[in-house]
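When reading the values below, keep in mind they use all heavy atoms of this one structure, side chains included, and skip hydrogens, waters and symmetry mates.
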Amino acid sequence: MQKGSKRLRDIVVCNIKYYREQAKISQEDLSLKLGKKKDFIEKLEDKGMYRRFLTVVLLDDIARILKVPTARFFDKTLS
């Protein structure tokens, strides 16, 4: 990996945060809409925890709630 490049899961997490903020949904609200603990998204976005739990099903659920195509989470130009 080149210096300065990000891992795919880091790009996905940055994009989740970007689209969540665009939708004006709090970390807690998104967590609860996903049926997760209220700090799940906070730990995913800010603390790097739970990144190993990113699945296609979870990404699809987040995309549905945020009303964006799942593929947008893989866009390297936002991060």
Counting C-beta onward and ignoring hydrogens, is there a side-chain heavy-atom pair between V12 and F74 closer than 4.5 Å?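 Side chain of V12 against side chain of F74, heavy atoms only: contact under 4.5 Å found.
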Beyond-backbone contact of D29 with I65, side-chain heavy atoms, under 4.5 angstrom: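 The answer is no, as the side chains (C-beta and beyond) never meet within the 4.5 Å cut-off.
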Taking all heavy atoms of [X] and all of [Y], pick out the closest pair and write down the distance.
| X | Y | value |
| --- | --- | --- |
| P69 | A63 | C-CB, 4.2 Å |
| L30 | I62 | CD2-CG2, 4.3 Å |
| V68 | Y19 | CG1-CD2, 3.7 Å |

Any donor-acceptor N/O pair, S31 side chain to I41 backbone, under 3.5 Å: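 Yes, S31 side chain to I41 backbone: donor-acceptor pair under 3.5 Å.
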Can you check whether N15's main-chain N or O pairs, donor with acceptor, with D75's side chain at less than 3.5 Å?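 Flag not set: sc D75 to bb N15 has no pair under 3.5 Å.
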With sequence neighbours left out, what residues match K17 under salt bridge (charged side-chain N to carboxylate O under 4.0 Å, His left out)?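 Salt bridge (charged side-chain N to carboxylate O under 4.0 Å, His left out) list for K17, sorted by chain: D46.
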Residue list, salt bridge (charged side-chain N to carboxylate O under 4.0 Å, His left out) with D39, at least two apart or on another chain: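 By the salt bridge (charged side-chain N to carboxylate O under 4.0 Å, His left out) rule, D39 matches K43.
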Reported [atom1]-to-[atom2] distance for the pair [X] and [Y], which is rounded to 0.5 angstrom:
| X | Y | atom1 | atom2 | answer |
| --- | --- | --- | --- | --- |
| Q27 | E45 | CD | CD | 4.5 Å |
| S26 | K33 | OG | NZ | 8.5 Å |
| F73 | L58 | CZ | CG | 9.0 Å |
| I11 | K76 | CD1 | NZ | 5.0 Å |
| K36 | D61 | NZ | CG | 8.5 Å |

Would D10 and R7 pass as an ion pair if we require N to O under 4.0 Å?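 The answer is no: the pair does not qualify as a salt bridge.
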Please report the C-alpha distance between L66 and R20 in whole Å, then the side-chain angles of each, then the deciding distance to 0.1 Å, and finally whether the side-chain contact (heavy atoms from CB on, under 4.5 Å) criterion is met. CA-CA 6 Å; L66 299 181; R20 179 187 57 74; 4.2 Å; yes
Give the cluster check for I16 versus L8: same hydrophobic cluster or not, with ILVMFWY residues linked at side-chain heavy-atom distances below 4.5 Å.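 Yes; tracing contacts between hydrophobic side chains, which count when under 4.5 Å, links both residues.
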With side-chain contact (heavy atoms from CB on, under 4.5 Å) as the test, would you mind laying out the steps for T70 and V56 before giving the verdict? CA-CA 9 Å; T70 305; V56 173; 5.8 Å; no
